Amino acid sequence: MPPRSLQARLLLTFVTLMVLGLGGVIFLGGLRLTAQDMARSERDLALQAQIIANALREPVGFGGEIEHSGGRSLDTLINSYAQGIAGRVTLVDTHLNVEFSSDKTVPIHVTESHAELIAARDGSSQPAIRWDEWRKEERLFVAAPVSDDHGQSLGFVQLSIPTAPIYAVSLQTWLSFLLIGGGVLLVTIIASTIIARQIAVPVQHLTTTSEQIAAGRLDERVVPAGPNEIRRLGIAFNQMAERVQEMIAQQREFVDNAAHELRSPLTSIRLRIEMLQTRGKANAAITERYLNQMEHEIGYLQRLVDHLLALASVESNTQTPPKAQLDVTHILRGIADDMRDVAEQAGLTLQADVPMRLPTVQANPEQMNILFRNLVDNAIKYSPQGGTITIAAQALAREIEIRVSDTGIGIPPEALPHIFERFYRVDPAHSRTQGGAGLGLSLVRAIVEAQGGRIEAQSQVQAGSVFIIHLPIA
Ligand code: ADP
């Protein structure tokens with residue numbers, strides 16, 4: 001079964017590849033060098049055989065037979081040649097019978113019909129490696145004919161040396177190969193361990209951190225490390241964790257705020273019910289007043305819940321109603337007509353400066369209505385009597401620009417950056433009596449952004465405010 005950890009797998013793969021590759025090269029190279037060593041020894045010995053055969057031509061004599069009584073001179077000569085090659089020199093007659101050998105373990109008159117002698121008799125040269133029964137060891141044999149001046153064969157010279165020293169040289173080669181191979185393998189193991197660690201350690205860290213985050217420790221982050229890809233994964237992971245943490249914090253804050261907003265009107269309603277139960281029965285005027293106050297609180301709760309639901313619907317993509325090609329002119333004029341009465345009741349003038357035709361935008365009609373209704377509603381709420389509210393629209397190159405402006409109390413510069421935040425109110429006490437929970441503008445911005453547009457506010461205290469919306473032309 002393969003190892004389960006990434007680090008072990010990488011290491012195993014590197015080492016296996018290295019052993020196969022390097023081992024193959026060493027094995028084949030070693031075999032080749034061994035063969036070359038042996039071939040060289042064979043060539044050298046064959047050459048020696050030739051030389052000795054030539055040198056022995058005179059002492060061996062004439063008449064086709066080796067002169068046995070060649071005497072001491074032949075004996076000494078052969079022995080000195082044997083010493084020269086550090087091996088054995090044997091003289092064989094034309095019938096392949098041993099006539100003389102530098103090695104006294106070789107019996108005389110024994111027939112040596114071995115491959116190298118047969119080949120020499122047939123006029124070729126063929127070295128042979130075999131077990132030598134006299135010396136009880138493996139030896140390399142070569143043979144060369146001893147011929148007279150007319151090319152007549154007088155016999156053969158057989159040379160042999162033990163193969164062990166040749167193999168000893170090859171063994172040296174093998175050992176140095178293995179030493180180098182072992183060194184390379186060691187370096188490979190160290191290098192691949194480092195590389196594997198560089199990959200595996202950051203991945204392990206990512207895993208542990210993910211597990212910790214999953215267990216609720218949202219502050220945990222990784223230190224981006226390792227190769228580029230893994231480092232980027234670490235950075236992206238941290239960004240994701242940061243975002244998730246932010247979103248959870250926002251959700252908590254949202255729930256806190258929502259609960260808080262719900263609590264005050266509910267408390268107020270409960271108190272009034274208690275009052276009605278104790279004192280209301282006897283006093284119609286008190287009953288009337290409390291019922292009106294309760295209606296006001298319920299109206300506030302109603303708007304709050306409507307806003308919360310609308311926000312949830314805009315922010316969850318799955319529940320977003322389908323968009324359509326929309327004529328904004330139509331919507332803006334409709335809102336101006338609908339809200340003119342309310343504005344006039346508050347002593348305000350509502351005017352629409354909207355061209356007859358505007359390019360269409362891709363938007364959801366219901367949400368667009370909520371958007372502009374909220375803006376005009378705010379303009380009415382925050383403008384003193386005698387003011388003017390203007391809804392204006394114009395087409396730009398790729399966008400439609402819509403401005404909802406008023407001549408109201410304005411927004412202080414320090415509050416302006418926050419007005420689109422949920423539950424943010426410039427003056428909470430004032431807003432509550434006006435019925436706002438600080439959700440209207442965050443809903444407005446969520447809707448604009450869901451349509452691919454953007455919104456900004458400009459304001460001057462005691463002069464008025466303007467909300468500018470840009471929607472992309474479909
Ligand atoms: P609310 O429902 O309380 O009005 P919004 O989110 O609609 O909440 O507005 C946030 C705050 O921005 C309000 O509390 C108010 O102080 C300020 N604001 C919004 N519109 C206007 C405006 N037209 N003029 C002055 N202040 C405004």
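Note that these values count all heavy atoms, side chains included, but never hydrogens, waters or copies made by symmetry. What you see is a predicted model; the values in this text were computed from it and never measured. FYI, the numbering just counts along the sequence from 1. Counting starts at 1 for both ligands and their atoms, in listed order.
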Look at the side chain of Q50 and the backbone N and O of A144, then say whether any donor-acceptor pair between them is shorter than 3.5 Å.
-> no
For R221 and L218, indicate whether the former's side chain and the latter's backbone hold a donor-acceptor pair under 3.5 Å.
-> yes
Hey, is ligand 1 close enough to K381 that some N/O pair sits below 3.5 Å?
-> yes
Say whether F420 and ligand 1 are in contact under the criterion: heavy-atom distance to a ligand atom below 4.0 Å.
-> no
Check ligand 1 against G438 and write out every atom of the ligand that is under 4.0 Å from a heavy-atom position of the residue.
-> 1 (P), 2 (O), 3 (O), 6 (O), 8 (O)
Which of the ligand 1 atoms, numbered from 1, are nearer than 4.0 Å to a heavy atom of R425 | 3 (O), 14 (O)
Under a 4.5 Å cut-off applied to non-hydrogen side-chain atoms, are R445 and V448 in contact?
-> no
Are the ring centres of F254 and F423 closer than 6.0 Å?
-> yes
Parallel, tilted or perpendicular: which describes the rings of H418 and Y424, with under 30° parallel and over 60° perpendicular?
-> tilted
Mark up the atoms of ligand 1 that fall under 4.0 Å of a heavy atom belonging to L439, in ascending order.
-> 6 (O), 8 (O)
For ligand 1, which atoms have a heavy atom of A437 less than 4.0 angstrom away?
-> 2 (O), 3 (O)
Taking atom CD of Q362 as the centre, does the number of heavy atoms from other residues, nucleotides or ligands within less than 6.0 Å exceed 12?
-> yes
Can you find an N or O of G440 that's nearer than 3.5 Å to an N or O of ligand 1?
-> yes
Check whether any side-chain heavy atom of F237 lies under 4.5 Å from a side-chain heavy atom of T209, and answer yes or no.
-> yes
Does the N or O separation between N378 and ligand 1 drop below 3.5 Å for any pair?
-> yes
Tell me which one of N374, L441, I411, V466 gets a heavy atom nearest to atom 9 (O) of ligand 1.
-> L441
